[in-house]
Amino acid sequence: MQRAVDALELPEAVFKTCPWQPRDRVDAGLRQWLRCCGAAMRDGRRIGMPSHAVDEAWHGLILCTGRYARFCEDAYGRFLHHFPEGDGFGGGTVDSMTDQLGRTVVAWTLVARPDEHCVLWDLDATVGVEQPWGVPRARVTAIESTLRDLGVH
């Protein structure tokens, strides 16, 4: 999965509805998100999107359908569907966004490179999104601490 994420080319079309700068920061966030998705796909649980800017870039990538489908096959061995809040598709119960975002933090701990900083939690505030999403630093720290106590991290 890591090689596919690293090799993914992101043409200008991906960023049509994602005007925030610096672009390389949004690019890094998108790649971190795609890695988190790979970890989450292992158990079939949904994770939450912590960044509006990354969500817009992901939408742009999805619209590049051939590129996105090939990437999904290379990275995950299957297509990664998008389930926007309120869609209701996919069956089963949908956990709260708080729970989904908690699982995103867990997924990050599984895919992070040694000493890699996650830009996802405060990316929107960093790039100037008017109504930023995110995960409070205290929550990230608490989840990471719990995982370490459980020997997962």
Side-chain angles (χ1 to χ4, degrees), residues 1-2 4-41 43 45-72 74-76 79-90 93-147 153:
M1 178 215 19
Q2 183 64 53
V5 171
D6 288 344
L8 178 62
E9 291 185 33
L10 298 173
E12 191 61 33
V14 168
F15 298 97
K16 278 185 180 178
T17 61
C18 183
W20 298 284
Q21 297 291 332
R23 171 80 51 83
D24 63 333
R25 186 105 171 160
V26 177
D27 180 296
L30 177 58
R31 290 174 192 280
Q32 288 181 348
W33 165 252
L34 293 170
R35 289 166 46 209
C36 288
C37 289
M41 289 177 80
D43 69 4
R45 303 285 306 271
R46 291 185 191 169
I47 60 174
M49 172 56 79
S51 167
H52 184 164
V54 170
D55 195 47
E56 287 297 324
W58 186 32
H59 293 167
L61 176 59
I62 291 169
L63 290 175
C64 299
T65 57
R67 179 182 306 276
Y68 183 66
R70 184 174 55 242
F71 165 75
C72 288
D74 291 347
Y76 314 124
F79 193 81
L80 172 62
H81 292 277
H82 183 296
F83 297 100
E85 193 170 11
D87 174 45
F89 184 81
T93 60
V94 177
D95 297 326
S96 72
M97 185 55 68
T98 299
D99 289 343
Q100 290 180 43
L101 287 170
R103 282 195 297 278
T104 306
V105 176
V106 172
W108 171 252
T109 66
L110 299 173
V111 298
R113 295 174 176 133
D115 299 319
E116 182 179 13
H117 170 74
C118 187
V119 301
L120 288 169
W121 317 137
D122 63 354
L123 179 67
D124 286 3
T126 302
V127 300
V129 173
E130 191 171 312
Q131 295 180 339
W133 302 353
V135 181
R137 174 56 47 199
R139 180 132 194 269
V140 172
T141 301
I143 292 169
E144 290 174 339
S145 176
T146 298
L147 290 171
H153 197 266

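No experiment lies behind these values; they were computed from the predicted model shown.
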Checklist line | Full working for side-chain contact (heavy atoms from CB on, under 4.5 Å) between H82 and H59 | finding: CA-CA 9 Å; H82 183 296; H59 293 167; 3.1 Å; yes
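- In this structure, the separation between CH2 on W58 and SG on C37 is 5.0 Å, given to the nearest 0.5 Å.
- Residues A53 and C18 come closest through the heavy atom pair O-SG, 3.3 Å.
- Take D6 and apply the salt bridge (charged side-chain N to carboxylate O under 4.0 Å, His left out) test, not counting sequence neighbours, and it matches R113.
- Atom CZ of F15 is separated from atom CG of L61 by 9.0 Å, given to the nearest 0.5 angstrom.
- The SG atom of C64 sits 9.5 Å away from atom CG of L8, with the distance rounded to the nearest 0.5 Å.
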Margin query: Run W20 and R25 through side-chain contact (heavy atoms from CB on, under 4.5 Å) and show every step you take.
Written below: CA-CA 9 Å; W20 298 284; R25 186 105 171 160; over 6 Å; no
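- In plain terms, the two heavy atoms of L120 and G29 that are nearest each other are CD2-O, 3.3 Å.
- In this structure, the side chain of Y68 engages the main chain of L80 through a donor-acceptor pair within 3.5 Å.
- D99 contributes atom CG, which lies 6.0 Å from atom CZ of R103 (distance to the nearest 0.5 angstrom).
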Notebook entry, point to check: Are R35 and E116 close enough, and set up right, to give a salt bridge (charged side-chain N to carboxylate O under 4.0 Å, His left out), and what steps lead you there?
Noted result: CA-CA 13 Å; R35 289 166 46 209; E116 182 179 13; 2.7 Å; yes
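- Using a 4.5 Å cut-off on side-chain heavy atoms (C-beta onward), D55 and W133 make contact.
- Using a 4.5 Å heavy-atom cutoff, the side chains of V129 and V127 are in contact.
- With hydrogens and angles disregarded, a donor-acceptor distance shorter than 3.5 Å links the side chain of D124 to the backbone of H52.
- The backbone N or O of V119 sits less than 3.5 Å from a side-chain atom of Q32, completing a donor-acceptor pair.
- Contact annotation: the side chain of R67 never approaches that of L10 to less than 4.5 Å [non-hydrogen atoms, C-beta and beyond].
- Across all their heavy atoms, E144 and T109 have their closest contact at CG-CG2, 4.0 Å.
- In this structure, M1 and V111 approach most closely via the heavy-atom pair CE-CG1, 4.1 Å.
- Between the S145 side chain and the T141 main chain, no donor and acceptor come within less than 3.5 Å of each other.
- Between I47 and W33, the closest side-chain pair of non-hydrogen atoms falls below 4.5 Å.
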Next item on the list: Could you check W121 against L101 for side-chain contact (heavy atoms from CB on, under 4.5 Å), going step by step and ending with a plain yes or no?
Entry: CA-CA 10 Å; W121 317 137; L101 287 170; over 6 Å; no
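- Listed by chain and number, the residues in a salt bridge (charged side-chain N to carboxylate O under 4.0 Å, His left out) with R45 are D95 (sequence neighbours excluded).
- E56 has its side chain out of reach of K16: every pair of non-hydrogen atoms, C-beta onward, lies at least 4.5 Å apart.
- With sequence neighbours excluded, the residues forming a salt bridge (charged side-chain N to carboxylate O under 4.0 Å, His left out) with E12 are R23, listed by chain and number.
- Aromatic ring pairs are classed by plane angle as parallel below 30°, tilted from 30° to 60° and perpendicular above 60°; the pair F71 and Y76 is perpendicular.
- Ion pairing of R70 with D74 is absent here, as no side-chain N (NZ or NE/NH1/NH2) approaches a carboxylate O to less than 4.0 Å.
- Closest heavy-atom contact between R137 and H117: NH2-CE1, 4.5 Å.
- Of all heavy-atom pairs between V105 and V135, the closest is CG2-CG1, 4.2 Å.
- Rounding to the nearest 0.5 Å places CZ of R31 at 11.0 Å from CG of D24.
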